[in-house]
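Structure record follows, encoded as C-alpha cells.
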Amino acid sequence: MAEAAAAPIPAVSEASLPKTYDPAGTEARWQAAWEAAGAFHPDPSAPGEPFSVVIPPPNVTGSLHMGHGFETALIDTVVRFQRLQGKNVLCLPGTDHASIAVQSILEKQIKAEGGSKDDLGRDAFLERAWAWKAESGGTIVGQLRRLGYSVDWRRERFTLDPGLNKAVVEAFVRLHEQGLIFRGEYLVNWCPASGSAVSDLEVEMKETDGHLWHFRYPLSDGTAADGTDHLVVATTRPETLLGDTGVAVHPGDPRYAALVGRTITLPLVGRQIPIVADEHVDPAFGTGCVKVTPAHDPNDFAIGARHGLPLITVMAKDGSMNAAAGRFAGLDRFEARAAVVAAMEAEGFLVKVEPHRHSVPFSDRGKVPVEPLLSTQWFARAEPLAARCRAALDQGEPRFVPQRWEKVYRDWLTDIRDWCISRQLWWGHRIPAWFVVSETGGVITDATPYVVVRDAEEAQAKAEAQFGAASRAAGRALQLEQDPDVLDTWFSSGLWPFSTLGWPDPNAADLATWYPTSVLVTGFDIIFFWVARMTMLAGAFLQDDGVPVGGRTSWIPFRDVMIHGLVRDENNRKMSKSAGNGIDPLPLIERYGADALRFALVREVAGAGQDIRLDYDRASGDSATVEGARNFANKLWNATRFALMNLGGETPATLGDPDPADLTLADRWILSRLARVNGETAERYGSYALGEAAKGLYEFAWNEVCDWTIELLKRRLNPRPAVEGVPFSAEALADQRVARQVLAKVLNELLVLLHPLMPHLSEELWHGLTGAPEGTFLALQAWPALNKAALDAALEAQFAELIEAIRVVRNLRAVAGLKPAQAAPVVFLTGRPELATVLRAGSGDITALTRAASVQVLDPAAAAQRASARTLAAVSGELQVLLPIEGLVDLDALRGRLEKDIAKAEKEIKGLAGRLANPNFAGKAPPEVVAECQANLADAEAQAALARGRLEGLG
C-alpha cells in the first residue's frame, strides 16, 4: 500500500522531466530503485488480502525470447494491478535446472576438450555444472529484469536449491510410502543421444519422409490348405524384425483364420514365432498382418502381454544393435536398417519398398528419434493422482480462462498412463533410494533390494534393520549404493507452487499466507507438462481425504489458470528455431524501450488465449507495432510536460479536486469519461481481459485526453486579458485554477491506470507530476477511487457528438481551403433540443478549436440560411453542419477542385463496377478480394455524392 510522504511535496515544473523521453535511462533507473527499496518484497504478516503468483520458471540454459516477453508482460500487468488494489502481493521468480539441456551443454564442452563425463566422474562433473550455472545461468534472469518484472528477487528460487531439494526428497519418500511410486521394467521412450528415458510429453512427433518395406515371412510347417506358404508384413523399422516374437492378424479376418496358431520362421534369425489373433490389428491396413516386436514398440508390447509372447531386446541404449541382433551386432540402428534390408533382399524375402510419409517420435532435447526400449525405471502411479484432480475440477477448481482449455486439461487427466520419473543423468535431483548391493554381488541389478529414505544415514539404519543380520550371517559386509539416476525435471517443477513457499515445513509463513496461489499464467502447450502435474502433486500433499490441510479453503495450487496464446511472426506463422523466424525481443527493447514492447504485446491480444501477431521488418529491425507503442509513450511524455508548464508549480495534491459547481461542460465530460474508464479498466484487469484494457486506455489517453481535453483546456490555462495591460479578472483566474485541477486529476489518475502496462514510464511521469519524494513509488499507491457521482452517460454521448461536429467543421474548412488563422462562421442545424443545448454550451470550445467567427445553433426550420450564402455543408448523424464561405475563398477555384474530385471518383467507380461485373473476377477471385472491391466501390460512390452535394451548395 502507499506510504505517507515523509516530507512536503516540492513545487514541480517542466524541469522535473527532460525534454525528450529516454526509455533506456528511465527503465534502468526505476528497476534499480524498486529493487534497492525492496518495493516488491512483501511481508507475509502485512495487511491486505494475499495475492500470489509463482512465475513459470524458465530454463536456466535459456535466453529471452518473445514468448518470455509476452508472458512476462501479461503476468506483470496482473500483479501490478492487484498491488494497486491494496493486496499483499507476492510474485515469486525462479529458474528450472533443465537436467537434459544442461547436461548436454556440459558434455559437449567436455568432449571438445577431448574427454568425457565418465572420465571426469560424477562429483567433478557436478562441480563443473554448478560453476557453469554460476557463470552462465543468470542470463535469462538479467534479461527478465530488463522487462521491469515486479517480482520479489529476494525470494528467487532455483529448482536445485537446497530447500527445493528437501521438498523433492520429501515428496518422493511420501509418494513411495503411499504406494504411488514404484520401480519396474517397462517399455519407455529412450533417447540414445542423452542416454536417458524421456516422458511421452518430452517427445515431439515429426512428419518424416521414409519407406514402408514389405517382407515375406515363410510358414514354418510348409504350405497351408489354400496354398499359402508365407505371410507379408510391412514395417518402417526393418532393424526391429530381429526382435520379432510373433505375427498378429485380426480375429475376424477370414483370410488368415486358418493360420492362427501356426508358426512362421523369422527370416535372417530362424526363430519360429506364432501367428496370433488380436483386435488391435486393422485388417484394412496393408496386408492385414502385423509383425510383433514387444520389446521395441508400445502397441506390440500390449499385444505381447495379451498373448504371452517373449520380449527380446535387440538394441543397446546407445542406439546400436546388441548381441541378440546376431550378425548385425555393433551396427548403429540406422546402419542396421540398411543392412537388414540388403540381407532380406539377398535372401529373397523383400517383396517391395514404398515411399511413406509418417510421424516419427523425436526426443525434444536430444533431437534424435526416440527408441522404445525395455528399461527398469521409477514410475509414479498417475491414475490415483489424476482422480483427485478430476474430482476437484468437477467442483470448478481450477478455473480456466478461457474456459475451453478446461476440456484439454480434463482429457489429459483421463485414461492417463503411469509417469516415468527417472532419468539417466547426473545433473538433477538424485533419487533418494539406496540399493543394498551387498545382496547382489556389489552391483545394482533388477533384483537388488533397496530402501527409500531421506538421507544416507537413514538409509544405513534402515538397511541394517532389514538386511544386516542376514548379511553378517552370510559373511558379507552391508554395502549400500545410492541410485545413480535423477528425477525428471517436471517432478521438481510439479512441486513449484508450494515448494517455493516453504513446503514441507508446515509452519512456513509464506506457505500459510500465499498458498494456494491466485493465478497461473502460462501457455497452452504445457497444460500437460506442468499444469496437470502441479495439481496432481498438490493433491498428494496439500489435502487429506479431499480436505485441504492447514485450514485452507482449497488444496488446488492456483484458483485461476490464465492460458495465453502464441506470439506469431509478421507473416502470422508460429515462431520456432527450426523455421528460423524468431524475433529477438532484446533489440526491440534497445530501440523502443521495454514499456513499448510490453504495451505493444498486450494491446495486440484480441481475447484471452488468442494468438497475437507482431509486425516486424527483418531487414531494418523495425516493428511498426512496437513503434506505435513508443509513439504513445512519447505522447504521454509530452502531455505531462505540457501539464508541468501549465500547473503553476503545483501538484495534484496541492491543487485538490475541483468543486463540481465550477466545472464547465468539457470538464464534466472528461471527468465522467475518467470515472467510466477507471471502472472499465479495473474490471478488465481483474478478469484478465488485458488486451481490452490496453486498447481502452490507449484510445482514452490518446484521443480524449491528449487530443481533446488538453486542446480544450489550453485557452483556460493561459487566459488573455480583454484589454492589454489590464489584470485578469477574478473569474478568469478561478477558471484557470479549475482547469489546472481537472488536468492534474486526469493525468494523475491516468498514470495509475496505465501503470500495470507501462510501469517505468508511468512511474517517471507520476514523480514528475506529483513531486513525490525518493522512496515513494507509484507502484505502491492505491487505485483511484471510482467517482460514481461524476458518471453521466447522456453527457458523454452528447459531447461525443460535439467532438464529431468540430471534426466536421475542420474537414469543411480543409475542403474550402481556408487558412488556419482565417475565421469563418459556423452554423449547426438540429431538431434535438438536448444536442442544441450542448452545442450552445460548448460554443466557446467550438470557436477556439475551429477558428469560428461565430457559432449559431438553429432549428432545421432555419435552413433558409443555406440559400442566403455560398455554403459548404455536411451531415453528422442528426446534425447538419454549414460553413458559409462567400467572400472568404475563391469560389471558382473551389468549384474546380470539387469537379476534379467528382471526375476522379467517377473514374474509380467505373473501374471497380466493371471489375465486379466481370464473371471471371466475381466468380473466381477469393471472397475477401471481392468484398474489398465492393467496399472500395461503395466508398467511391459516397465520395462522389459528397462532392456533388458540396458543389451544389456553392450555387
Side-chain angles (χ1 to χ4, degrees), residues 81 84-85 603 607 639 652 657-687 689-713 716 735 738-739 741-754 757 783-809 828-846 848-849 855 857 859 875-881:
F81 167 70
L84 293 168
Q85 292 288 301
R603 184 173 172 235
D657 286 345
D659 186 329
D662 297 331
L663 298 174
T664 67
L665 180 75
D667 295 338
R668 291 192 292 113
W669 164 73
I670 193 58
L671 293 178
S672 178
R673 290 295 302 136
L674 178 66
R676 193 168 307 282
V677 170
N678 180 331
E680 290 173 347
T681 304
E683 192 281 328
R684 288 165 178 167
Y685 281 150
S687 62
L690 308 183
E692 289 81 353
K695 292 181 185 71
L697 286 171
Y698 179 91
E699 294 299 325
F700 175 68
W702 190 295
N703 297 326
E704 297 179 74
V705 176
C706 296
D707 282 357
W708 287 104
T709 298
I710 287 178
E711 289 301 313
L712 289 165
L713 289 173
R716 296 165 59 202
D735 186 55
V738 172
Q741 290 173 319
V742 170
L743 179 58
K745 178 179 179 62
V746 169
L747 277 179
N748 188 36
E749 291 196 13
L750 174 60
L751 292 173
V752 181
L753 271 56
L754 276 167
L757 293 161
W783 187 264
L786 178 61
N787 183 6
K788 294 183 178 179
L791 291 169
D792 189 334
L795 173 61
E796 290 179 39
Q798 292 160 9
F799 204 86
E801 291 182 286
L802 184 148
I803 288 174
E804 185 57 31
I806 292 173
R807 286 197 184 101
V808 172
V809 173
F828 297 113
L829 302 179
T830 179
R832 287 170 49 205
E834 68 277 11
L835 178 56
T837 299
V838 168
L839 291 170
R840 291 189 183 102
S843 60
D845 294 327
I846 296 170
L849 297 183
V855 176
V857 183
D859 188 270
V875 175
S876 174
E878 299 178 54
L879 178 68
Q880 187 174 12
V881 183

To the nearest 0.5 Å, what is the distance between [atom1] ([X]) and [atom2] ([Y])?
| X | Y | atom1 | atom2 | answer |
| --- | --- | --- | --- | --- |
| E680 | L753 | CD | CG | 10.5 Å |
| L839 | E834 | CG | CD | 10.5 Å |
| D845 | L712 | CG | CG | 4.5 Å |
| L663 | Q741 | CG | CD | 8.5 Å |
| L786 | L674 | CG | CG | 9.0 Å |

Non-hydrogen side-chain atoms of [X] and [Y] separated by less than 4.5 Å:
| X | Y | value |
| --- | --- | --- |
| N787 | E749 | no |
| D735 | T664 | yes |
| L754 | Y698 | no |
| R668 | L795 | yes |
| W708 | I806 | yes |

For F828, check ring-ring contact (aromatic ring centres under 6.0 Å, His included) against everything at least two apart and list the hits.
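Partners of F828 under the ring-ring contact (aromatic ring centres under 6.0 Å, His included) test: none.
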Minimal non-hydrogen separation, [X] against [Y], with atom names:
| X | Y | value |
| --- | --- | --- |
| A841 | L665 | CB-CD2, 4.0 Å |
| S672 | A790 | CB-O, 3.1 Å |
| G831 | D859 | CA-OD2, 4.3 Å |

Given [options], the one that forms side chain to side chain contact (heavy atoms under 4.5 Å, CB included) with [X]:
| X | options | result |
| --- | --- | --- |
| V881 | T830, V875, V809, L829 | V809 |
| W669 | T709, L802, V838 | T709 |
| L743 | N748, V705, I710 | I710 |

Lys/Arg N to Asp/Glu carboxylate O, K695 vs E699, below 4.0 Å
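No, this pair does not count.
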Does the side chain to side chain contact (heavy atoms under 4.5 Å, CB included) test come out yes or no for L750 and F700, once each step is laid out?
CA-CA 9 Å; L750 174 60; F700 175 68; 4.0 Å; yes
Non-neighbouring partners of [X] that pass salt bridge (charged side-chain N to carboxylate O under 4.0 Å, His left out), sequence neighbours left out:
| X | answer |
| --- | --- |
| R603 | none |
| E796 | R673, R676 |
| D792 | none |
| E692 | none |

Evaluate the side chain to side chain contact (heavy atoms under 4.5 Å, CB included) criterion for residues L671 and V746: first the C-alpha distance (whole Å), next the side-chain angles of each, then the deciding distance (0.1 Å), finally the verdict.
CA-CA 7 Å; L671 293 178; V746 169; 4.1 Å; yes
Taking the inter-plane angle between the rings of Y685 and W783 on a 0 to 90° scale, is it parallel (under 30°), tilted (30 to 60°) or perpendicular (over 60°)?
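Perpendicular, since the angle between the ring planes exceeds 60°.
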Selection residues 797-806 - residue pairs positive for salt bridge (charged side-chain N to carboxylate O under 4.0 Å, His left out), sequence neighbours left out:
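Matches after skipping sequence neighbours: E801-R832, E804-R807.
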